[in-house]
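Every value quoted in this text rests on a predicted model; they were computed, and no experiment measured them. Naming convention: chains lettered A, B, ... in sequence-line order (proteins, then strands); numbering from 1 in each chain. Just so you know, these numbers use all the heavy atoms, side chains as well, and skip hydrogens, waters and symmetry mates.
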There are 2 protein chains.
Amino acid sequence: MENFVGDLNLKRYEDYVNVFDALSHPARIKIIGILAEGRQYVSELARLVNISRPLLYMHLKKLETARLVTSTMELSDSGKAMKFYALEDFDLHITRELLKQLSENIIIENPGGKE
Amino acid sequence: MENFVGDLNLKRYEDYVNVFDALSHPARIKIIGILAEGRQYVSELARLVNISRPLLYMHLKKLETARLVTSTMELSDSGKAMKFYALEDFDLHITRELLKQLSENIIIENPGGKE
DNA sequence: ACCACATGTAATAATATTATTACACATGAT
DNA sequence: ATCATGTGTAATAATATTATTACATGTGGT
């Protein structure tokens, strides 16, 4: 079962969980919306999203884990180090059938305690 | 911009966040996978997923909030009350463009503190 | 009366996520 | 030297999610 979705190449259910998790917060969707207009560097991105850099890094980490964004370091003309983030291309198609297939590999271990 | 996805009718970005949130946990994908084969009642569902009922209720609540599942109460032949959960039909198409549109309605308020 | 099995939820514990604060360091311009 | 702007991260606080335990209630069958 090959399953290419845009440039993302999601295979295991964990990959999908990472993507869903990444998309489950307004700030991260905002980040994606901004990066959809073009790459941006961290400090400016923080201003555009209206959050602090430390918090932005946390959100970016989740987006990177899901491979929805990528980053590159560059030296600006003025010689300052700048970290640019860019949005990956993707085209996710979520259906019952897909989730059913994913669920076949999911085994819930402990949870449930005394019952 | 009308945006029908399967039987789900997602409009606001909050609707999408709820769906992504609902799909961001293995147990909930497992639940969906099981319900994809047909409706099921709570106690049996708990056994199939291998979690306790209280925990299952918590997960089902998230799935209901996202409107991915629906529930109905019934009386079995033997007269016992049984709550059945069924999977909704859906066909989500997630693209940069969609997220960009959603992000236009997102305004991050406070976060960012001293910076 | 008691068991097996269904319903539901309140209270708490454990863990993870989200947010804040306070640092340190580098470059170029004034 | 100091300021403005960029980088990064450690430590902590606040909040939310996830998981557990312990209940209470109802039905039908033995």
For [X] and [N], give me the distance from atom [atom1] to atom [atom2], rounded to whole Å.
| X | N | atom1 | atom2 | answer |
| --- | --- | --- | --- | --- |
| B/L60 | D/dT17 | CG | C1' | 16 Å |
| A/R47 | D/dA4 | CZ | C1' | 11 Å |
| B/N18 | D/dT17 | CG | C1' | 14 Å |
| B/K61 | C/dA10 | NZ | C1' | 12 Å |
| A/Y41 | D/dA4 | OH | P | 16 Å |
| B/E44 | C/dC5 | CD | C1' | 11 Å |
| A/I31 | C/dA19 | CD1 | C1' | 14 Å |
| A/L45 | D/dT5 | CG | C1' | 16 Å |

**Study point:** Atom pair CZ/CD1 of A/F20 and B/I29 - distance to nearest 0.5 Å
**Key:**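 With rounding to 0.5 Å, CZ (A/F20) is 6.0 Å from CD1 (B/I29).
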Point to revise | Contacting residues from residues 66-85 of chain A, given that a heavy atom lies under 4.0 angstrom of DNA chain C | key: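 A/S78, A/G79, A/K80 - these, ordered by number, are the residues of the stretch whose heavy atoms sit under 4.0 Å from the strand.
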Review point. Does a donor on one side chain sit under 3.5 Å from an acceptor on the other, for A/D21 and B/H25?
Key: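 No, no side-chain donor-acceptor contact under 3.5 Å.
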Check your understanding: Looking only at side chains, do B/E64 and B/S71 share a donor and an acceptor under 3.5 Å apart?
Key ->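 Yes - a donor-acceptor pair under 3.5 Å links their side chains.
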Review point. Do the charged groups of B/E44 and B/R47 touch, with an N to O distance under 4.0 Å?
Key: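 Yes, this pair counts.
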Review point. Could A/E74 and A/K80 be called an ion pair, given the rule that one side-chain N must be under 4.0 Å from one carboxylate O?
Key: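 Salt bridge absent between A/E74 and A/K80.
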Review point. Taking for each residue the nucleotide of DNA chain C with the nearest heavy atom, is it A/D21 or B/V42 whose nucleotide lies nearer the 5' end?
Key: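 The residue whose closest nucleotide sits nearer the 5' end is B/V42.
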Considering only side-chain heavy atoms of [X], which listed nucleotide, [options], is closest?
| X | options | result |
| --- | --- | --- |
| A/K62 | C/dT17, C/dT7, D/dA19 | C/dT17 |
| A/M58 | D/dA22, D/dG6, C/dT18 | C/dT18 |
| B/L55 | D/dT20, C/dT21, D/dG6 | D/dT20 |
| A/P54 | D/dT20, C/dA6, D/dT9 | D/dT9 |

Point to revise | A/V49 backbone acceptor or donor facing A/K30 side chain under 3.5 Å | key: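 Between the backbone of A/V49 and the side chain of A/K30 there is no qualifying donor-acceptor contact (under 3.5 Å).
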If only side-chain N and O atoms of [X] are considered, is one of them under 4.0 Å from the OP1 or OP2 phosphate oxygen of [N]?
| X | N | result |
| --- | --- | --- |
| A/R28 | C/dT17 | no |
| B/H59 | D/dT17 | no |
| B/H25 | D/dA19 | yes |
| A/S52 | C/dA19 | no |
| A/R53 | C/dT21 | no |

Check your understanding: Same cluster for A/I108 and B/I34 if Ile/Leu/Val/Met/Phe/Trp/Tyr side chains link at under 4.5 Å?
Key ->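 In one cluster: yes.
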